[in-house]
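Whatever order the structure lists them in is the order used to number ligands and atoms, beginning at 1. Computation of the quantities below employed the complete heavy-atom set of this structure, encompassing side-chain atoms and omitting hydrogens, waters and symmetry-equivalent molecules. All values derive from a computational prediction rather than experimental measurement.
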Amino acid sequence: SGPVTVLDSKALERALTRICYEIVERNEGLDQLVIVGIRTRGAYLARRMATKLSSLGEVDVPVSELDITLYRDDLDPNEHRERPKTPVLSGNNVPSNLAGKTVVLVDDVLFTGRTVRAALDALVDTGRPDRILLAVMVDRGHRELPVRADFVGKNIPTSLGEAVDVHVTEVDGEDSVTIRKV
Ligand code: 5GP
Ligand code: MG
């Protein structure tokens with residue numbers, strides 16, 4: 001049997017909208033909010049959330065991207081001699097210091113938690129945010145670290161023999177979440 005669709009484009013869009021309303025509920029005003037997406041697909045989801053939140057809050061919510069590939073703790077350090085000391089935060093309007101900010105970290109899939117752990121390291125190095133919240137489109141389970149998401153598009157209890165594919169229009173030409181056997 002082929003891939004099974006778990007979220008179609010409408011459902012994915014609804015999940016993003018719901019998460020944005022939940023973020024509004026958890027914050028008194030959106031002035032101190034900064035959205036940070038983890039590359040690649042988390043960054044596209046983050047941009048869309050920033051657009052939605054900007055109109056909901058009538059403020060310009062800054063959005064940036066984090067590339068944490070080189071910060072994962074399960075990479076061989078000898079293979080990454082060029083590993084940068086400072087995280088690569090890039091984007092429009094991003095404060096260079098996150099002190100006093102509420103950061104919403106965004107990723108497409110939460111699995112072992114190691115990517116998020118690395119992202120937290122990188123964010124905390126960029127000045128000390130007041131608060132960091134985590135939003136993911138899919139929580140597929142199998143955590144290896146004590147990480148949980150504050151906002152979840154869809155909980156999908158997977159087996160290790162399954163892969164979740166998150167498609168976003170900007171990269172894949174359509175929005176959807178599918179599961180397949182690997
Ligand atoms: P973790 O670090 O929690 O093990 O994995 C999360 C990161 O790896 C995310 O950035 C996500 O993009 C990617 N990832 C892990 N598992 C999956 C999966 O089943 N499907 C997709 N699309 N990405 C995954
Ligand atoms: Mg990723």
Within a distance under 4.0 Å of any heavy atom of Thr112, pick out the atoms of ligand 1 and give their elements.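 Reading through ligand 1 atom by atom, the close ones are 1 (P), 2 (O), 3 (O), 4 (O).
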
Pair Ile35-Val61, side chain to side chain contact (heavy atoms under 4.5 Å, CB included): steps then yes or no: CA-CA 7 Å; Ile35 313 297; Val61 175; 3.6 Å; yes

Option set Gly113, Gly42, Ala163, criterion heavy-atom distance to atom 3 (O) of ligand 1, minimum: Gly113

What about [X]: any of its N or O atoms under 3.5 Å from an N or O on ligand 1?
| X | answer |
| --- | --- |
| Asp165 | no |
| Phe111 | yes |
| Val164 | yes |

At under 4.0 Å between heavy atoms, is it the side chain or the backbone of [X] that contacts ligand 1, or both, or neither?
| X | result |
| --- | --- |
| Asp108 | side chain |
| Val109 | both |
| Arg41 | neither |

Enumerate the residue pairs fulfilling salt bridge (charged side-chain N to carboxylate O under 4.0 Å, His left out) with a member in residues 21-36, sequence neighbours excluded, ordered by first and then second residue.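 Salt bridge (charged side-chain N to carboxylate O under 4.0 Å, His left out) check on residues 21-36 returns Arg18-Glu22, Arg26-Asp150.
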
Above 12 or not: heavy atoms from other molecules or residues under 6.0 Å from CZ of Arg131? yes

Of Ile156, Ile179, Val4, which meets side chain to side chain contact (heavy atoms under 4.5 Å, CB included) against Glu162?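 Exactly one candidate clears the test, Ile179.
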
Regarding Thr169 and Asp175, is there a side-chain donor-to-acceptor distance under 3.5 Å anywhere?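 Yes, side-chain donor-acceptor contact under 3.5 Å.
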
Could you pull out all residues at least two apart from Arg14 that satisfy salt bridge (charged side-chain N to carboxylate O under 4.0 Å, His left out)? none

